[in-house]
A.B. asks: 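Have a look at this one before I ask anything.
Side-chain atoms are counted along with the backbone in the values below, which use heavy atoms only and exclude waters and symmetry mates. Sequential numbering from 1 along the given sequence is applied to the chain's residues.
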Amino acid sequence: MAEAIRKINVIGHLNPDTDSICAAISYAYLKNQLGDPIYEARRAGTINRETAFVLKHFGFDEPELITSVAPQIKDCTVSQQNGIDGDTSLFAAYTLMRDSKMDTLCITSEAQEIEGIIALKDIANANLDIFDTDVLSEANTLVANVLSTLNAELVLGSSTTRIKTGKLVVGTTPELMDGVVEEGDIVLVSNRYETQQFAVEAGATCLIVCSGAKVSSAVKKAAEARKITVIATPYDTYAAARLISMATPVNYKMIPIDKVMRFSVNTTVDEARKTMTKSRHRYFPVVDESGKYAGLVGSTNLLDIQKKHVILVDHNERSQAVSGLEQAEIMEIVDHHRIGSIETASPAMFRNMPVGCTCTIVYDMFAENGVEIPKNIAGLMLSAILSDTLVFRSPTCTPRDKFVGEQLAKIAGVDIDTYSDQMFDAGAELEGRTPEEVFHQDFKVFSRGSARFGVGQGSFMTEKSRKAAEAMVGPYLKDGAAADELPCVFYMFTDVKSQTTEMMFWGEDAESMVARAFGVQPKDGIAVLPGVVSRKKQVIPALMATYQAIQEEQA
């Protein structure tokens with residue numbers, strides 16, 4: 001039987017660009033119009049200023065961040081064991097454990113916040129501590145706990161009274177009780193009148209009459225005058241003495257919250273497994289996103305995992321995907337790049353077309369399914385096409401991209417030239433930004449054999465904005481390569497209107513790589529590449545071919 005799908009995350013690549021975000025939102029919208037399950041757009045990193053401008057312009061919030069699709073606690077079957085009140089007796093807790101076949105319970109507040117946990121071994125230890133005769137008073141035990149634990153009847157007093165003083169004493173004869181029973185003690189007695197009366201006169205705070213014995217009217221009268229609680233239990237003195245310590249409330253014996261190992265519903269299964277192996281406990285509390293108690297989880301719960309279901313848009317390379325992908329179920333891939341390194345465990349719908357933008361493909365899928373494109377969604381898709389094709393100037397741009405872009409502009413009600421200038425200017429704005437932010441705004445990692453490198457790109461409408469970006473990012477290239485553990489990085493500063501790229505680079509043999517790949521001689525750390533504007537079609541193939549040629553020469 002196929003597992004039920006709760007929702008499907010639609011995710012673009014790391015360091016998301018405008019196409020990655022807009023394709024995720026637009027495709028999620030389309031899928032939701034076609035029926036269950038629920039599709040939600042996600043972002044795999046911080047959006048850049050160009051994308052932020054686009055989202056604000058068309059009235060969208062940023063998609064929620066997702067850093068991993070590895071299974072989490074919320075993807076497992078969490079045991080829905082209710083929390084218990086801190087005044088619950090150890091006996092009642094043990095009974096609940098026995099009936100539910102759980103050896104751990106959570107103590108929670110009225111607001112469902114975890115206060116601590118009690119395990120079966122904690123109850124066993126408490127039961128074995130027969131010399132702790134002050135336990136009921138030290139634990140501020142409710143009389144109601146004593147009644148329920150001893151299956152007793154309240155003869156005098158209130159069940160809401162708390163035992164605050166005294167020790168537990170078994171009354172035998174007045175002679176043996178003399179000097180032993182002190183004021184405030186809890187005394188267990190049999191049916192002997194003189195023993196009951198002596199306990200009352202000695203100042204006991206609570207009298208527990210065992211073996212179903214009757215309490216004489218004289219003893220009742222004397223106890224009532226001294227405001228003594230009187231309890232009658234059917235258990236004999238031996239059984240009552242053994243059981244009564246189990247009336248202690250669980251909050252007295254629990255492990256307090258500050259010492260409790262617990263998980264969030266968002267904790268990954270791998271992390272939970274590692275943590276569990278280091279603990280002597282079998283079950284662990286789980287809290288939800290708001291910090292409230294959500295249940296218990298043990299190692300057996302982690303065997304039944306529901307994989308996360310994802311749709312990838314605008315990428316199909318493992319190095320560009322969110323982490324944990326190998327543990328997720330890939331349902332679909334919609335992309336316009338070369339076919340890369342992602343593998344699927346089962347067949348998946350793979351839509352890959354040689355166009356300039358993923359949103360061009362998504363437009364066709366709207367048409368194929370007969371779904372009307374809303375004005376704001378059209379604006380997002382248009383923005384992605386303008387961004388990826390550099391307003392139809394990129395060699396990756398196809399006649400289909402241009403046609404779709406023009407149709408979307410009509411639906412969105414925008415002028416392409418005016419809007420694209422605004423969009424690119426917003427993306428080029430550097431005020432308040434760090435070199436790291438600019439470097440990673442559109443940066444991808446690629447590999448060929450043993451070679452691994454990164455290529456970033458920024459697109460600019462004016463020379464002034466391009467030169468400002470070069471001055472900021474150039475000195476950061478070394479740090480950027482180190483941050484991503486790359487031996488080489490290349491960065492394209494592309495002038496959209498002149499269709500020229502100035503490439504900066506860092507790394508061993510990076511300069512010779514650029515010279516060989518593009519047939520130019522870099523000067524002062526910059527290679528001028530006229531007519532080169534596409535990373536996908538003009539830069540990556542050239543670098544890949546050069547890396548392969550070098551590897552073959554060295555073989």
A.B. asks: I want to check something: taking the side chain as every heavy atom from C-beta on, are M331 and K31 in contact at a cut-off of under 4.5 Å?
C.D. replies: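 Not touching, per the 4.5 Å side-chain cut-off.
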
A.B. asks: Using modelled atom types and a 3.5 Å cut-off, is there a donor and acceptor pairing between side-chain atoms of S20 and backbone atoms of D17?
C.D. replies: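 Here the side-chain-to-backbone pair does not exist.
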
A.B. asks: Apply side chain to side chain donor-acceptor pair (under 3.5 Å) to residues Q81 and S79 and explain how you reach the verdict.
C.D. replies: CA-CA 6 Å; Q81 179 63 53; S79 299; over 6 Å; no

A.B. asks: Under 4.5 Å between any side-chain heavy atoms of I73 and L302, yes or no?
C.D. replies: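 I73 vs L302: side chains touch.
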
A.B. asks: What I want to check is whether the side chains of E332 and Y27 have a donor and an acceptor closer together than 3.5 Å.
C.D. replies: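 Yes, because at least one side-chain N or O of E332 sits under 3.5 Å from a partner of the opposite role on Y27.
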
A.B. asks: Could you walk me through whether N251 and E115 satisfy the side-chain contact (heavy atoms from CB on, under 4.5 Å) test, starting with their C-alpha distance in whole Å, then the side-chain angles of each, then the deciding distance to 0.1 Å, before giving a yes or no?
C.D. replies: CA-CA 8 Å; N251 58 16; E115 297 177 343; 5.6 Å; no

A.B. asks: What I'd like to find out is whether the side chain of E317 reaches to under 4.5 Å of the side chain of K444, using heavy atoms alone.
C.D. replies: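 Not touching, per the 4.5 Å side-chain cut-off.
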
A.B. asks: Nearest heavy-atom pair of V250 and S89: which atoms, and what distance?
C.D. replies: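 Looking at all heavy atoms of both residues, the closest pair is CG1-O, 3.9 Å.
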
A.B. asks: Check whether any side-chain heavy atom of K74 sits under 4.5 Å from a side-chain heavy atom of N266, and report yes or no.
C.D. replies: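 Yes - at least one pair of side-chain heavy atoms lies under 4.5 Å apart.
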
A.B. asks: Can you give me the closest heavy-atom contact between I118 and L90, atom names plus distance?
C.D. replies: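 So the minimum-distance heavy-atom pair works out to CD1-CD2, 4.2 Å.
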
A.B. asks: With distance as the sole criterion, is a donor-acceptor pair present between the side chains of T434 and E436 under 3.5 Å?
C.D. replies: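 Looking only at side-chain atoms, E436 and T434 do not form any donor-acceptor pair under 3.5 Å.
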
A.B. asks: Around E224, counting heavy atoms of other residues, nucleotides and ligands shown, do more than 12 lie under 6.0 Å from its CD?
C.D. replies: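 Check fails, neighbour count at 12 or below.
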
A.B. asks: Of all the heavy-atom pairs spanning G157 and T229, show the shortest one and how long it is.
C.D. replies: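 Taking G157 first and T229 second, the nearest heavy atoms are CA-OG1, 4.4 Å.
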
A.B. asks: Does R192 reach the main-chain N or O of S190 with its side chain, forming a donor-acceptor pair under 3.5 Å?
C.D. replies: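 Looks like no, no N/O pair under 3.5 Å.
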
A.B. asks: Has L65 got more than 12 heavy atoms of other residues, nucleotides or ligands less than 6.0 Å from its CG?
C.D. replies: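 Counting neighbours around CG of L65, more than 12 heavy atoms of other residues, nucleotides or ligands fall under 6.0 Å, so yes.
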
A.B. asks: Can you see whether D314 engages T358 through a side-chain donor-acceptor pair at a distance of less than 3.5 angstrom?
C.D. replies: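 Side-chain D/A pair, D314 to T358: present.
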
A.B. asks: Can you tell me how far apart CG (N301) and CE (M276) are? Round to the nearest 0.5 Å.
C.D. replies: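 Interatomic distance, N301 CG to M276 CE, rounded to 0.5 Å: 7.0 Å.
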
A.B. asks: Would you find more than 12 non-hydrogen atoms of other residues, nucleotides or ligands less than 6.0 Å from K221 atom NZ?
C.D. replies: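 Atom NZ in K221 is not crowded, with 12 or fewer foreign heavy atoms closer than 6.0 Å.
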
A.B. asks: Nearest 0.5 angstrom please: I186 CD1 to I208 CD1, how far?
C.D. replies: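 One gets 7.5 Å once the value is rounded to the nearest 0.5 Å.
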
A.B. asks: Under a 4.0 Å threshold between the charged nitrogen and the carboxylate oxygen, would K167 count as salt-bridged to D134?
C.D. replies: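 No, D134 and K167 are not salt-bridged.
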
A.B. asks: Is a side-chain donor or acceptor of D185 paired with a backbone partner of G166 at a separation under 3.5 angstrom?
C.D. replies: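 No, D185 side chain to G166 backbone: no donor-acceptor pair under 3.5 Å.
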
A.B. asks: Atom CG of residue position D99 - does it have more than 12 heavy atoms of other residues, nucleotides or ligands inside 6.0 Å?
C.D. replies: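 It does: D99 CG has more than 12 such atoms within range.
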
A.B. asks: Nearest 0.5 Å, what's the OG-NZ distance between S109 and K292?
C.D. replies: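 Separation between the atoms: 6.5 Å.
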
A.B. asks: For a quick check under 3.5 Å, do E437 and T46 share a side-chain donor-acceptor pair by atom type?
C.D. replies: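 Looking only at side-chain atoms, T46 and E437 do not form any donor-acceptor pair under 3.5 Å.
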
A.B. asks: Hydrogens and angles aside, do Y94 and R98 bring a side-chain donor and acceptor to less than 3.5 Å of each other?
C.D. replies: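 No pair is found: no donor N or O on one side chain lies under 3.5 Å from an acceptor on the other.
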
A.B. asks: State, without any angle test, whether T18 and T51 hold a side-chain donor-acceptor pair at a distance under 3.5 Å.
C.D. replies: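 Judged by distance alone, the side chains do pair up.
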
A.B. asks: Answer whether the closest heavy-atom distance between the side chains of V54 and L380 falls below 4.5 Å.
C.D. replies: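 A side-chain contact under 4.5 Å exists here.
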
A.B. asks: So does R351 have more than 12 non-hydrogen atoms from other groups sitting under 6.0 Å from CZ?
C.D. replies: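 For R351, atom CZ is crowded (more than 12 foreign heavy atoms under 6.0 Å).
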
A.B. asks: Indicate yes or no for a side-chain donor-acceptor contact from D122 to the backbone of A119 under 3.5 Å, with no hydrogens or angles considered.
C.D. replies: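 Pair found, side chain donor or acceptor close to backbone of A119.
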
A.B. asks: Ion pair present between D484 and R452, side-chain N to carboxylate O less than 4.0 angstrom?
C.D. replies: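 No.
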
A.B. asks: Does the distance from a Lys or Arg side-chain N to an Asp or Glu carboxylate O, for K308 and E329, drop under 4.0 Å?
C.D. replies: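 No, K308 and E329 are not salt-bridged.
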
A.B. asks: Between M381 and F366, does the side-chain contact (heavy atoms from CB on, under 4.5 Å) criterion hold? Intermediate values first, please.
C.D. replies: CA-CA 11 Å; M381 295 168 68; F366 268 90; 4.1 Å; yes

A.B. asks: Return the OG1 to CG distance between T195 and L188, rounded to the nearest 0.5 Å.
C.D. replies: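 Going from OG1 on T195 over to CG on L188, the span is 12.5 Å.
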
A.B. asks: Does a side-chain heavy-atom distance below 4.5 Å link Q196 with V200?
C.D. replies: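 Of all side-chain heavy-atom pairs linking V200 with Q196, none is under 4.5 Å.
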
A.B. asks: Between S137 and I163, does a side-chain contact (heavy atoms from CB on, under 4.5 Å) hold up when you go through it step by step?
C.D. replies: CA-CA 5 Å; S137 58; I163 299 172; 4.3 Å; yes

A.B. asks: Check the angle between the aromatic planes of F443 and H440 and answer parallel, tilted or perpendicular using the 30° and 60° thresholds.
C.D. replies: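 Perpendicular: the ring planes of F443 and H440 meet at over 60°.
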
A.B. asks: Answer yes or no: is there a side-chain heavy-atom contact under 4.5 Å between L325 and L312?
C.D. replies: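 With C-beta onward as the side chain, the pair touches.
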
A.B. asks: Is the closest side-chain heavy-atom distance between I311 and M349 below 4.5 Å?
C.D. replies: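 They are not in contact (no side-chain heavy atoms under 4.5 Å apart), so the answer is no.
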
A.B. asks: Calculate, to the nearest 0.5 Å, the distance between atoms OG and CD belonging to S341 and Q320 respectively.
C.D. replies: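 If I round to the nearest 0.5 Å, the distance is 8.5 Å.
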
A.B. asks: Any donor and acceptor pair, going by atom type alone, linking the side chain of R162 with main-chain N or O of N140 inside 3.5 Å?
C.D. replies: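 Answer holds: yes.
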
A.B. asks: Please name the pair of heavy atoms, one in A139 and one in T248, separated by the smallest distance, quoted to 0.1 Å.
C.D. replies: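 Closest approach of A139 to T248, heavy atoms only: CB-CG2, 3.6 Å.
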
A.B. asks: Enter the distance from M102:CE to L96:CG here, rounded to the nearest 0.5 Å.
C.D. replies: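 Result: 9.5 Å between the selected atoms.
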
A.B. asks: Tell me whether the count of non-hydrogen atoms from other residues, nucleotides or ligands lying under 6.0 Å of CZ in R242 goes above 12.
C.D. replies: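 Counting neighbours around CZ of R242, 12 or fewer heavy atoms of other residues, nucleotides or ligands fall under 6.0 Å, so no.
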
A.B. asks: Work out which heavy atom in N145 is nearest to a heavy atom in T149; give both atom names and the distance.
C.D. replies: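 Closest pair (atom of N145, atom of T149, distance): O-OG1, 2.7 Å.
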
A.B. asks: Stepwise, does the side-chain contact (heavy atoms from CB on, under 4.5 Å) test hold for E182 with V169?
C.D. replies: CA-CA 9 Å; E182 299 175 322; V169 178; over 6 Å; no

A.B. asks: Considering non-hydrogen atoms only, spot the tightest contact between N316 and I333 and give its length.
C.D. replies: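 For N316 versus I333, the nearest heavy atoms are CB-CG2, 4.0 Å.
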
